[in-house]
Amino acid sequence: MANKSVRKLSRNAHREQVHRRVRRRVAGTTSRPRLCVYRSLGHIYAQVIDDQGGRTLVSASSLDKETRGQTKGGGNVAAAKVVGKAIAERARAAGIQQVVFDRGGYKYHGRIEALANAAREAGLNF
């Protein structure tokens, strides 16, 4: 009995499906906002979001002027480390100590792991 209607999802559609599933449980509060990560082929972006208030508190990306000068290219592990350090410093300056990490449906590996570790080293707790 072969199922003829089996359809394989694209890689990005699968990531979005995983992200939606994770977001059912992971939500940022005022006391503990959500550190959300998005990575494209050429860059990496991070935001600290208060989901209860519905607003972005701080953000950093490999496109920012400060981070762009520190790395060659934006789609590599070195850029992810710089962005992780920058997001942690900006969050600490805004009075944010603890966050909940939202990896955006990506595997905790490579650039995502590098960003998370750099943010932890810079003093963000999650």
Side-chain angles (χ1 to χ4, degrees):
M1 295 190 64
N3 188 356
K4 294 181 182 179
S5 65
V6 174
R7 178 178 57 94
K8 186 171 180 174
L9 290 174
S10 70
R11 183 175 292 187
N12 195 48
H14 180 262
R15 179 197 68 82
E16 288 173 355
Q17 195 175 60
V18 171
H19 191 208
R20 278 193 302 272
R21 187 168 58 233
V22 169
R23 286 282 291 121
R24 282 190 212 124
R25 288 181 173 256
V26 175
T29 62
T30 306
S31 60
R32 191 169 177 174
R34 174 171 58 101
L35 172 58
C36 183
V37 178
Y38 174 76
R39 69 173 172 84
S40 65
L41 195 60
H43 296 283
I44 191 157
Y45 310 83
Q47 299 181 72
V48 176
I49 302 168
D50 173 13
D51 289 315
Q52 287 179 337
R55 61 194 189 99
T56 300
L57 305 173
V58 291
S59 66
S61 76
S62 57
L63 289 170
D64 293 347
K65 285 185 180 180
E66 302 92 38
T67 57
R68 196 181 325 166
Q70 297 177 20
T71 61
K72 183 182 178 190
N76 52 26
V77 172
K81 288 178 183 176
V82 172
V83 171
K85 185 178 178 195
I87 194 78
E89 289 170 353
R90 292 174 190 179
R92 302 260 322 210
I96 300 164
Q97 302 289 326
Q98 286 209 332
V99 295
V100 58
F101 189 64
D102 175 12
R103 58 189 171 84
Y106 303 106
K107 290 181 181 177
Y108 189 80
H109 177 75
R111 291 190 278 162
I112 303 297
E113 183 180 12
L115 187 143
N117 289 338
R120 279 193 195 101
E121 288 170 11
L124 213 53
N125 296 323
F126 53 94

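Computed from heavy atoms alone, side chains included, the values below leave out hydrogens, waters and symmetry copies. Computed from a prediction, not measured in an experiment: that's the story for all the values here.
- Within the 4.5 Å cutoff, the side chain of Pro33 has heavy atoms near those of the Ile96 side chain.
- Counting heavy atoms from C-beta outward, Gln17 and Leu9 have side chains that approach closer than 4.5 Å.
- The closest donor-acceptor contact from the side chain of Arg92 to the backbone of Gly123 lies under 3.5 Å.
- Contact of the Gln97 side chain with the Leu124 side chain is not registered, since no non-hydrogen atoms from C-beta on lie closer than 4.5 Å.
- In the hydrophobic clustering of ILVMFWY residues, with side-chain heavy atoms under 4.5 Å counting as a link, Val100 and Val18 come out together.
- Asp64 places a side-chain N or O within 3.5 Å of a backbone atom of Ser61 that can act as its donor or acceptor partner.
- A donor-acceptor pair under 3.5 Å links the side-chain atoms of Asp102 to the main chain of Gly104, judged by distance alone.
- A donor atom on one side chain and an acceptor atom on the other are not found under 3.5 Å apart for Thr29 and Gln52.
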Handout entry: Verdict with reasoning, Glu113 to Leu115, per side chain to side chain contact (heavy atoms under 4.5 Å, CB included)
Key = CA-CA 5 Å; Glu113 183 180 12; Leu115 187 143; over 6 Å; no

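- The main-chain N or O of Val58 is never found under 3.5 Å from a side-chain atom of Arg90 such that the two would form a donor-acceptor pair.
- A donor-acceptor pair under 3.5 Å links the side-chain atoms of Ser62 to the main chain of Ile44, judged by distance alone.
- For Asn12 and Glu16, the side-chain atoms include at least one donor-acceptor pair closer than 3.5 Å.
- A distance of 9.5 Å separates CZ of Arg20 from CZ of Arg15, quoted to the nearest 0.5 Å.
- Formation of a donor-acceptor pair under 3.5 Å by the Asn76 side chain with backbone atoms of Ala79 is found in this model.
- Tyr106 and Arg39 get closest at one heavy-atom pair: OH-O, 3.1 Å.
- The shortest heavy-atom contact between Arg111 and Ala80 is O-CB, 3.4 Å.
- Connection of Ile87 to Val37 is established within a shared hydrophobic cluster, with ILVMFWY side chains joined at heavy-atom distances below 4.5 Å, either directly or through further cluster members.
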request  = Would you please test Asp51 and Arg23 for salt bridge (Lys or Arg N to Asp or Glu O under 4.0 Å) and show each step?
outcome  = CA-CA 11 Å; Asp51 289 315; Arg23 286 282 291 121; 3.7 Å; yes

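- Using bins of under 30°, 30° to 60° and over 60° for the plane-to-plane angle, the ring pair Phe126/Phe101 lands in the parallel bin.
- The hydrophobic cluster containing Val82 does not contain Leu63, counting ILVMFWY residues as joined when their side-chain heavy atoms lie under 4.5 angstrom apart, directly or transitively.
- Linking ILVMFWY side-chain heavy atoms closer than 4.5 Å, directly or via other members, places Ile112 and Val26 in two distinct hydrophobic clusters.
- The OG1 atom of Thr30 lies 8.0 Å from the CZ atom of Arg55; values are rounded to the nearest 0.5 Å.
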Notebook entry, point to check: Hey, mind stepping through Asn125 and Val99 against side chain to side chain contact (heavy atoms under 4.5 Å, CB included) and telling me if it holds?
Noted result: CA-CA 6 Å; Asn125 296 323; Val99 295; over 6 Å; no

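- At a threshold of 4.5 Å between side-chain heavy atoms, the hydrophobic network of Ile, Leu, Val, Met, Phe, Trp and Tyr places Tyr45 and Ile49 in two separate groups.
- Considering all non-hydrogen atoms of both residues, Thr56 and Gln47 come closest at OG1-OE1, 3.0 Å.
- Annotation: the span from Glu66 atom CD to Glu89 atom CD amounts to 10.0 Å, rounded to 0.5 Å.
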